[in-house]
Amino acid sequence: MGDAKRQFVDRLFTTIAPRYDWFNRLASCGLDQRWRRQAVREGCLAPGMRVLDVCTGTGDLALLCACRLQDQGVVIGSDYNVVMLDGARRKHPSSNNAVRWVRADAQALPFRSERFDRVIIGFSTRNLSDLRTGCAEMVRVLKPGGRLMILETGRPSNPMVRAGYRLFLMTMARGIGWLLTGRLWPFTYLAQSVKRFLTPSQMVELLTACGTSARYRPLSFGLASLYLADKR
Ligand SMILES: C[S@@+](CC[C@H](N)C(=O)[O-])C[C@H]1O[C@@H](n2cnc3c(N)ncnc32)[C@H](O)[C@@H]1O
């Protein structure tokens, strides 16, 4: 099941990669970049830090981190999908040392333990075939006292807002995806994966079990979720 899901997710992102950024901006009415900026701000990054952006995709979070570090420090963006990584490289070639792009599976990160001051992951935890292993890996490569920031699509606590949000994902967001790529199945999966994902309290419990002090911040009335987990 694990490998099958990873292959499916890889095929999905290969299919939508050329239109991924457009889909994000349109389907979130531009809120996605605001949420990424907030996640990076809450990371309290400082020049000189080493930062890992897991499942970097087309690199938006990694580039925001590099901006925050004012190119003093190291940012690595890692992802399994080569087409998504190509999109990141087009935005910023690894020609200077400030940002590097690395092909890696989030569930078996090719980095030494306690290597990074900050680890960040955006809109990707729900795509991992083994979420527990993925979280444990991200905590492993973090220095003690370092912070993991997890940005994910949200689960509004208000039942009316939640119902409206799910309806939006199954109709408007899928429609936007179809218009951009001519395919419906990737966006059906993405909408369903939001619904199936852990609740905020389950996610905090998992991060605590991985050895962090974790807390949850709803963004934009819960349309997005931010988890801040400090390694003990
Ligand atoms: C929804 S995109 C998120 C991209 C980016 N973080 C952002 O903020 O837009 C999910 C990304 O996770 C990657 N991904 C999914 N499973 C992965 C895994 N097991 N290892 C590494 N990358 C993975 C996909 O290739 C894809 O680029």
Side-chain angles (χ1 to χ4, degrees), residues 6 9-10 13-14 17 20-21 24 32-33 35-152 207 210-212 214 226-231:
R6 200 182 68 173
V9 167
D10 198 40
F13 284 103
T14 299
Y20 175 77
D21 287 349
N24 267 343
D32 63 317
Q33 279 295 70
W35 295 331
R36 286 190 189 87
R37 278 194 294 274
Q38 183 155 359
V40 172
R41 239 189 343 263
E42 300 276 356
C44 304
L45 272 58
M49 281 185 170
R50 295 182 68 87
V51 181
L52 174 65
D53 175 22
V54 177
C55 297
T56 192
T58 54
D60 282 343
L61 271 173
L63 293 174
L64 286 172
C65 289
C67 215
R68 198 80 181 172
L69 293 181
Q70 297 163 357
D71 286 346
Q72 295 170 44
V74 174
V75 179
I76 296 180
S78 71
D79 199 285
Y80 192 75
N81 186 279
V82 286
V83 191
M84 293 292 275
L85 273 179
D86 281 347
R89 277 196 196 96
R90 271 195 297 278
K91 286 181 190 164
H92 187 106
S94 295
S95 52
N96 72 8
N97 276 341
V99 188
R100 288 182 220 150
W101 308 112
V102 172
R103 186 171 186 224
D105 185 345
Q107 291 145 177
L109 291 170
F111 305 108
R112 283 205 314 267
S113 300
E114 304 186 358
R115 188 96 177 97
F116 295 95
D117 300 283
R118 299 287 183 267
V119 176
I120 191 163
I121 181 168
F123 306 113
S124 304
T125 40
R126 67 179 196 280
N127 294 314
L128 298 180
S129 41
D130 185 343
L131 177 61
R132 184 170 289 271
T133 302
C135 288
E137 273 294 88
M138 291 188 281
V139 174
R140 178 183 68 75
V141 299
L142 201 55
K143 293 178 184 172
R147 177 168 292 176
L148 166 64
M149 295 83 78
I150 298 181
L151 180 61
E152 221 357 306
L207 291 167
C210 288
T212 71
L226 178 62
Y227 299 92
L228 301 171
D230 296 330
K231 185 169 177 177

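R103 CZ: more than 12 foreign heavy atoms inside a 6.0 Å radius.
Remark: L148 CG to R118 CZ distance equals 10.5 Å, nearest 0.5 Å. The CG atom of L226 sits 13.0 Å away from the CZ atom of R36 when rounded to the nearest 0.5 Å. Put simply, OG1 on T212 and NZ on K231 are 10.0 Å apart, with the number rounded to the nearest 0.5 Å. A distance of 8.0 Å separates CG of L131 from SG of C210, quoted to the nearest 0.5 Å. Here OG1 of T56 is found 7.5 Å from CG of L85. Values are rounded to the nearest 0.5 Å. Within the model, atoms SG of C44 and CZ of R68 stand 8.0 Å from one another, a figure rounded to the nearest 0.5 Å.
With S124 contributing its side chain and G122 its backbone, the two residues share a donor-acceptor pair below 3.5 Å. Side-chain atoms of Q70 never come within 3.5 Å of backbone atoms of P47 as a donor-acceptor pair (strictly under, hydrogens ignored). W101 contributes no side-chain N or O that, together with a main-chain N or O of D79, makes up a donor-acceptor pair within less than 3.5 Å. Under the 3.5 Å distance criterion, the side-chain polar atoms of R140 are matched with a main-chain donor or acceptor of F111.
The shortest side-chain heavy-atom distance between N127 and F13 falls under the 4.5 Å cut-off. Side-chain atoms of L64 and D53, non-hydrogen and from C-beta on, never get closer than 4.5 Å to each other. Under the 4.5 Å side-chain criterion, counting only non-hydrogen atoms from C-beta, L128 is not in contact with C135. Considering only heavy atoms from C-beta on, L45 comes within 4.5 Å of M149 through its side chain. Residues R147 and L228 form a side-chain contact, since some pair of their non-hydrogen atoms from C-beta on lies under 4.5 Å apart. The shortest side-chain heavy-atom distance between L109 and L52 falls under the 4.5 Å cut-off. The closest side-chain heavy-atom distance from D86 to R89 is below 4.5 Å. Contact of the L207 side chain with the I150 side chain is registered, since non-hydrogen atoms from C-beta on lie closer than 4.5 Å.
Nearest heavy atom pair, residue I121 against residue C55, reads CD1-SG, 4.0 Å. Contact detail for G77 and A62: the closest heavy-atom pair is CA-CB, 4.4 Å. Smallest separation of non-hydrogen atoms from F123 and E152: C-OE2, 3.6 Å. Smallest separation of non-hydrogen atoms from T133 and Q107: CG2-O, 3.5 Å. Nearest heavy-atom pair across P110 and A104 is CD-CB, 3.5 Å. When all heavy atoms are compared, the tightest approach of A106 to E137 is O-CB, 3.6 Å.
Between D10 and R6, none of the side-chain N atoms (NZ, or NE/NH1/NH2) sits under 4.0 Å from a carboxylate O, so this pair counts as no salt bridge.
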Checklist entry - Would I76 and F116 satisfy side chain to side chain contact (heavy atoms under 4.5 Å, CB included), going step by step from the backbone distance to the final call? => result CA-CA 10 Å; I76 296 180; F116 295 95; 4.1 Å; yes
Checklist entry - Taking it one step at a time, do K91 and D21 satisfy side chain to side chain contact (heavy atoms under 4.5 Å, CB included)? => result CA-CA 12 Å; K91 286 181 190 164; D21 287 349; 2.7 Å; yes
Next on the checklist: side chain to side chain contact (heavy atoms under 4.5 Å, CB included), that's the test. Do I120 and L151 meet it? Break it down for me.
Outcome noted: CA-CA 8 Å; I120 191 163; L151 180 61; 6.0 Å; no
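Applying the salt bridge (charged side-chain N to carboxylate O under 4.0 Å, His left out) rule to D117 yields the partners K143; only residues at least two apart in sequence or on another chain are considered.
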